[in-house]
Amino acid sequence: MEGKKLSKPYGFAVDVGCGTGQSTRILVPYFEKILGTDISPAQIEEANKANDIPNVTYSVSPAEELPVDDASVDLVTACAAAHWFSIEKFYKEVNRILKPRGCLAIFTYIPDMEVHYKDRSEQLTKVFKEGQEKLAPYENEKVRLVKTGYKDLFDAIPYTDKKRVENMTTKMPMLLSDFLGLIQTFSMFQDFLKHEPEKAKEFILTTEKRFLEIMGVSSTETEIEVRLNNVCVLASKPK
């Protein structure tokens, strides 16, 4: 991917599947105009509540039907979301809205996380992996696209100028309570909760108890470090 570099701030970015806008706000220093879209009205409502940035707007819309003019966008992004899209229709829509030489960047973290705390990291990570195994029967087939590092999504991109970057590690300090909350956002946990609510709640309580015992602490407000392995797929529309 070579070419003349544009000067900042760039023009227009669209963040698809933006949720509450965390990935959208990252773009603020780099673009004059940013649109975050999500199919969930509740997510967009939360994004708007947190939005005090004049060049950022949010809109409820499916990834395959974006409220954007033809050939008007410099960058399309999707953070931990593209595997949920109807990918052929999404790529067709991306091609419609991108300017010539506009870029697509889709990225996600791989579910294979590590949990670090003092000298207990191996034990904590083992507990997390055992939890994943317990949740595996509730795993959506779309998650396979994540586990394989977006290889299928990369292959499906209709452009020749594309690249897949993997093995990017992110170290995230967070409270144990926040990590337990993160687990509860996983689609497989949500499905578990839907079908067997009491067992799902017991699963979280048991996981919390095991973490606390291994760490030798009594409070979930204790800070841990979570290490994520990320993958990013990049592509550029031809002239």
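In this structure, Met215 and Leu176 have side chains that are in contact, with non-hydrogen atoms separated by less than 4.5 Å. Residues Val76 and Val16 have side chains in contact (heavy-atom distance under 4.5 Å, counting atoms from C-beta outward). At a threshold of 4.5 Å between non-hydrogen side-chain atoms, the residues Tyr91 and Ile157 count as touching. Side-chain atoms of Glu32 and Phe12, non-hydrogen and from C-beta on, never get closer than 4.5 Å to each other. Leu135 places none of its side-chain heavy atoms less than 4.5 Å from the side chain of Glu130. No side-chain heavy atom of Lys162 sits less than 4.5 Å from a side-chain heavy atom of Leu234. In this structure, the side chains of Ile34 and Val28 come closer than 4.5 Å at one or more pairs of heavy atoms. At least one side-chain heavy atom of Ile53 sits under 4.5 Å from a side-chain heavy atom of Arg25.
Listed here is the closest heavy atom pair of Val146 and Pro111: CG1-CD, 3.5 Å. Considering all non-hydrogen atoms of both residues, Ile44 and Cys18 come closest at CD1-SG, 3.8 Å. In plain terms, the two heavy atoms of Leu153 and Ala82 that are nearest each other are CD1-CB, 4.0 Å. Contact detail for Ala13 and Leu27: the closest heavy-atom pair is CB-CD1, 4.1 Å. Among all heavy-atom pairs drawn from Ile106 and Phe90, the shortest one is CG2-CE2, 4.5 Å. Residues Leu124 and Ile214 share a closest heavy-atom pair of CD2-CG2, 3.7 Å.
A distance-only check finds no donor-acceptor pair linking the side chain of Arg101 to the backbone of Asp74 [under 3.5 Å]. Distance alone, capped at 3.5 Å, is enough to place a donor-acceptor pair between the Arg164 side chain and the Gly149 backbone. Between the side chain of Asp15 and the backbone N or O of Gly36 there is no donor-acceptor pair closer than 3.5 Å. Looking at Asn230, its side chain never comes within 3.5 Å of a backbone N or O of Glu166 through a donor-acceptor pair. The main-chain N or O of Leu180 is found under 3.5 Å from a side-chain atom of Gln184 such that the two form a donor-acceptor pair. Arg227 contributes no side-chain N or O that, together with a main-chain N or O of Lys171, makes up a donor-acceptor pair within less than 3.5 Å. In this structure, the side chain of Ser59 does not engage the main chain of Ser61 through any donor-acceptor pair within 3.5 Å. At least one donor-acceptor pair closer than 3.5 Å links the side chain of Glu93 to the backbone N or O of Leu66. At least one donor-acceptor pair closer than 3.5 Å links the side chain of Asn51 to the backbone N or O of Val56.
Heavy atoms from other residues, nucleotides or ligands lying under 6.0 Å from NZ of Lys142 number more than 12.
A donor-acceptor contact closer than 3.5 angstrom links the side chains of Asn95 and Tyr159. If you check the side chains of Thr206 and Glu202, you find a donor sitting under 3.5 Å from an acceptor. Looking only at atom types and distance, the side chain of Asn140 has no donor-acceptor partner in the side chain of Ser187 under 3.5 Å away. Thr169 and Asn229 are not linked by any side-chain donor-acceptor pair at a separation below 3.5 angstrom, with hydrogens and angles left out of the test.
Note that CG of Leu145 and CH2 of Trp84 are 9.5 Å apart. Values are rounded to the nearest 0.5 Å. Residue Lys92 holds its NZ atom at 14.0 Å from CD1 of Ile97, rounded to the nearest 0.5 Å. Between the OH atom in Tyr58 and the OG1 atom in Thr24 there is a gap of 4.5 Å [rounded to 0.5 Å]. Between the CZ atom in Phe192 and the CD1 atom in Ile204 there is a gap of 9.0 Å [rounded to 0.5 Å]. How far CD of Glu225 is from CD of Glu223: 8.5 Å, rounded to the nearest 0.5 Å. Taken to the nearest 0.5 Å, the OG atom of Ser72 stands 7.0 Å off from the NZ atom of Lys33.
Under the rule for a side chain to side chain contact (heavy atoms under 4.5 Å, CB included), the partners of Ser86 that lie at least two apart in sequence or sit in another chain are Glu64, Lys89. Annotation: side chain to side chain contact (heavy atoms under 4.5 Å, CB included) contacts of Thr125 (sequence neighbours excluded): Glu114, Val115, Lys129. In this structure, the side chain to side chain contact (heavy atoms under 4.5 Å, CB included) partners of Lys134, at least two apart in sequence or on a different chain, are Phe203.
A tilted orientation is assigned to the rings of Tyr150 and His83, their planes being inclined by 30° to 60°.
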Full working for salt bridge (Lys or Arg N to Asp or Glu O under 4.0 Å) between Arg144 and Glu141: CA-CA 6 Å; Arg144 183 188 63 81; Glu141 62 179 17; over 6 Å; no

Residue pair Arg210, Glu208: steps toward the salt bridge (Lys or Arg N to Asp or Glu O under 4.0 Å) verdict: CA-CA 6 Å; Arg210 292 183 70 190; Glu208 176 184 314; over 6 Å; no

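Outside the 6.0 Å centre-distance limit, the rings of Phe211 and Tyr117 are not counted as a close aromatic pair. Aromatic rings of Tyr30 and Tyr10 (six-membered ring for Trp) have centroids beyond the 6.0 Å cut-off, not under it.
Residues Phe31 and Ile26 do not share a hydrophobic cluster, clusters being chains of Ile/Leu/Val/Met/Phe/Trp/Tyr side chains in contact below 4.5 Å.
Tested against Tyr138 for a side chain to side chain donor-acceptor pair (under 3.5 Å), the candidates Gln190, Glu196, Lys194, His195 yield a single pass: Glu196.
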